[in-house]
Amino acid sequence: MYIEQIYNGCLNEAAYFIESNGEAVIIDPVRDINVYLELASKHNAQLKYIFETKIHFTFVSGHVELSRKTDAPIVFGPMSDVKFRSHIAKDGEIFKLGNITIEAIHTPGHTLESTCYLIRDEKNHPYCIFTGISTDDISTSAPGNSNLTEKEMAALLYHSIQNKLLPLPDDVIVYSSHSKEGGEKFTNLGIHKKENPLFQPGTLEEFIITHTRKIKEVPAYFNKISKLNKEGYTMMENILEDGLKSLSITEFKKKIKENFLVLDTRESASFTQGFIPGSISINLQGRFEETAGEILPYDQPILLITDVKKEVESVTRLARVGFENVQGYLKGGFDQWNKSGESIDLIIDIEADELAMDMPFDENLLVLDVRTQQEFVEGHVKESTNIPLRDLQDLAQIASLEEDQNIYIHSSTGYKSVTAASLLKRQGYHNLRNILGGWNKIIEEEKIPTEKSGEILN
């Protein structure tokens, strides 16, 4: 038996390749499937099954395309509602793979259809289990859970853990689809029983009280991804064919007039020094997929400005979160646009110490914090305004901003503040400053007054 984790750091998602005696399975594949095909070829293995631990809503799965390429059936757990051909496993159903077996164990609680897959080795001993459940991961607002309350979902998860997972031997290895980069690729059930808050002894009532407090709001774009994973999607080769059309400046400008959205995926430092007016910046170097899902419309065709040879990566990573409407990129990129004498815009970058110097003397200065509300509550610049990034295209949310204000924008690290500045530029706000390093640098400046829940920090 051979097991390999294929980790996607951009999505914080781990897929798994398992092979035994010339047969293989993939668990939780992402949309760009070549890595799985290459692994099967490398191990001279036939792909027999594609297993899903749930109907994913943070990324578009590679299940449909991988099944078409290999004829391997897609396997979901009980209560899965999908529109394409698949195998809905029964709780406890056994699948044969070479010299080992895989048992589907229905574990609702994170989602209704959540299912773990237990591998028994060649001697039929429980060896490892694959799960989509992560610590503190209860989500009533996940797509498909809308008819249940937080308490009902927590109760399902409690029973799944108590009745399905805790009885398994301590030495069973646990592989999670939410494995974190740089951390352990796997643990075992014994460690979970000692350290995982979800696995600690207690009554159902105690479990509900403790863990429903940790439920977080689910972004709206998750619904789009969930729908694609349930109903199917455009094949990647077709998405790449459309997205990798090289456009001249004349063709590019024509499409802009036809209401195409311009997305600039270059590094933030390059974008602020010059960009096509009206374009939106999302840097490939950070939380690109997550940010794109939060702020870009799914119903508007997209044009790309990229760094050299980053066109394929840009189209592919957009497709991972459901964007199938990229219609080309500008040949020669921004440099060609600039050399041709077309109009450009820019954003002024400043260090945190410059904010400290400007604050006492500029009565028209406004600090705009685009972090989440929770981050803002935990600490912020005194008298600053908080509008989370994903709300910046909502005219009602930005109504308090004045066009003649000197707006100093910051995020946590400086990544999302450039995106925020590009969104405000589109809305007609031009007196902008982007604070390099964001909150992480602001908190180091003693002359910038900050507070937490009304209490002065410095």
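The chain is numbered in sequence order, starting from 1. As the structure is a computational prediction, the values presented were derived from the model and not from experiment.
- Annotation: the span from I295 atom CD1 to D391 atom CG amounts to 11.5 Å, rounded to 0.5 Å.
- The line from OH of Y158 to CD of E206 is 8.0 Å long, rounded to the nearest 0.5 Å.
- Side chains of N229 and S61: no donor on one and acceptor on the other come within 3.5 Å.
- Distance alone, capped at 3.5 Å, is enough to place a donor-acceptor pair between the K425 side chain and the L346 backbone.
- Counting heavy atoms of neighbouring residues, nucleotides and ligands inside a 6.0 Å radius, atom NZ of K441 does not exceed 12 of them.
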Item to complete: Determine, step by step, whether F260 and I256 satisfy the side chain to side chain contact (heavy atoms under 4.5 Å, CB included) criterion, reporting the C-alpha distance in whole Å, the side-chain angles of both residues, the deciding distance to 0.1 Å, and the verdict.
Response: CA-CA 5 Å; F260 282 55; I256 291 176; 5.5 Å; no

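- In the displayed structure, K310 atom NZ is contacted under 6.0 Å by at most 12 heavy atoms of other residues, nucleotides or ligands.
- For the pair A421 and L432, the tightest heavy-atom approach, listed with the atom from each and the gap, is O-CD1, 3.6 Å.
- E267 and S270 share no donor-acceptor pair across their side chains, judged by distance under 3.5 Å alone.
- K416 and E290 are joined by a salt bridge, as a carboxylate oxygen and a charged side-chain nitrogen come within less than 4.0 angstrom of each other.
- Here the side chain of Q427 pairs no donor or acceptor atom with the backbone of L423 at under 3.5 angstrom.
- At least one test fails for R31 against the ring of F59: distance under 6.0 Å to the centre or angle within 45° of the axis.
- Between the CG atom of L11 and the OG1 atom of T58 there is a distance of 6.5 Å, given to the nearest 0.5 Å.
- The side-chain heavy atoms of V370 and H410, taken from C-beta on, include no pair separated by under 4.5 Å.
- Distance alone, capped at 3.5 Å, is enough to place a donor-acceptor pair between the N386 side chain and the R371 backbone.
- By the 30° and 60° cut-offs, the orientation of the rings of Y298 relative to F323 is parallel.
- Side-chain contact annotation: H380 with T450, donor-acceptor N/O pair under 3.5 Å absent.
- The minimum heavy-atom distance linking T419 with S281 is given by the pair OG1-O, 2.6 Å.
- The pair E258-K253 does not count as a salt bridge, with every side-chain nitrogen at least 4.0 angstrom from each carboxylate oxygen.
- T111 and S114 share a donor-acceptor pair across their side chains, judged by distance under 3.5 Å alone.
- Nearest heavy atoms, S411 versus S417: OG-N, 3.2 Å.
- Under a cut-off of 6.0 angstrom, the local environment of CD in Q373 is sparse, with at most 12 non-hydrogen atoms contributed by other residues, nucleotides or ligands.
- Within 6.0 Å of atom CD in E383, 12 or fewer heavy atoms from other residues, nucleotides or ligands are found, so the atom counts as exposed in its surroundings.
- Counting only N and O atoms by type, the side chains of N406 and N364 include no donor and acceptor under 3.5 Å apart.
- The pair E313-R317 counts as a salt bridge, with a side-chain nitrogen and a carboxylate oxygen less than 4.0 angstrom apart.
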Fill in: Full working for side chain to side chain contact (heavy atoms under 4.5 Å, CB included) between R266 and T306
CA-CA 5 Å; R266 294 178 297 152; T306 75; 5.5 Å; no

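- E52 contributes atom CD, which lies 9.0 Å from atom CD1 of I55 (distance to the nearest 0.5 angstrom).
- Rounded to the nearest 0.5 Å, atoms CD (E4) and CD1 (I6) are 5.5 Å apart.
- Counting all heavy atoms, side chain and backbone alike, G322 lies closest to K224 at O-CE, 3.9 Å.
- Closest non-hydrogen pair, S268 versus V418, comes out as CB-CG2, 3.8 Å.
- Here the CD1-CD1 distance, from I387 to I409, works out to 9.5 Å after rounding to the nearest 0.5 Å.
- Residues meeting the ring pair (Phe, Tyr, Trp, His ring centres under 6.0 Å) test with F51, sequence neighbours left out: Y49, F95, Y117.
- A donor and an acceptor atom, one from each side chain of E311 and Y329, are nowhere located under 3.5 Å apart.
- Counting only N and O atoms by type, the side chains of D349 and T272 include a donor and acceptor under 3.5 Å apart.
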Practice prompt. Could you give me the CA-CA distance, side-chain angles and deciding distance for Y408 and N434, then say whether side chain to side chain contact (heavy atoms under 4.5 Å, CB included) is met?
Written response: CA-CA 6 Å; Y408 288 60; N434 172 57; over 6 Å; no

Practice prompt. For the pair Q5 and Y16, evaluate side chain to side chain donor-acceptor pair (under 3.5 Å) and give the outcome as yes or no after the intermediate values.
Written response: CA-CA 5 Å; Q5 182 189 82; Y16 294 91; 3.0 Å; yes

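- Proximity of R320 to N8: side-chain heavy atoms (C-beta onward) are separated by under 4.5 Å at one or more points.
- Ion pairing of K230 with D81 is absent here, as no side-chain N (NZ or NE/NH1/NH2) approaches a carboxylate O to less than 4.0 Å.
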Item to complete: Evaluate the side chain to side chain contact (heavy atoms under 4.5 Å, CB included) criterion for residues I347 and F275: first the C-alpha distance (whole Å), next the side-chain angles of each, then the deciding distance (0.1 Å), finally the verdict.
Response: CA-CA 9 Å; I347 294 166; F275 58 90; 3.7 Å; yes

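- Two residues are said to be in side-chain contact when any heavy atoms from C-beta on lie closer than 4.5 Å; L261 and P301 fail this criterion.
- Residues Y233 and E65 share a closest heavy-atom pair of OH-N, 3.4 Å.
- For H43, the ring pair (Phe, Tyr, Trp, His ring centres under 6.0 Å) partners at least two apart in sequence or on another chain are Y2, F17.
- Judged purely by atom type and a 3.5 angstrom limit, E351 has no side-chain atom pairing as donor or acceptor with the backbone of L436.
- Using a 4.0 Å cut-off between charged nitrogen and carboxylate oxygen, K54 and E113 do not count as a salt-bridge pair.
- Looking only at side-chain heavy atoms (C-beta outward), I239 and V326 stay at 4.5 Å or farther from each other.
- Under the 3.5 Å distance criterion, with hydrogens and angles disregarded, a donor-acceptor pair is assigned to the side chains of E375 and T372.
- Side-chain contact check for M359 versus I448: some heavy-atom pair is nearer than 4.5 Å.
- At a threshold of 4.5 Å between non-hydrogen side-chain atoms, the residues L228 and E324 count as touching.
- In the model, T265 has a side-chain atom that pairs as donor or acceptor with a side-chain atom of S314 under 3.5 Å.
- Between R287 and E294 there is no salt bridge, since no side-chain N of the basic residue sits under 4.0 Å from a carboxylate O of the acidic one.
- A donor-acceptor pair under 3.5 Å links the side-chain atoms of D28 to the main chain of T53, judged by distance alone.
- No side-chain donor from either of S177 and E13 sits under 3.5 Å from a side-chain acceptor of the other.
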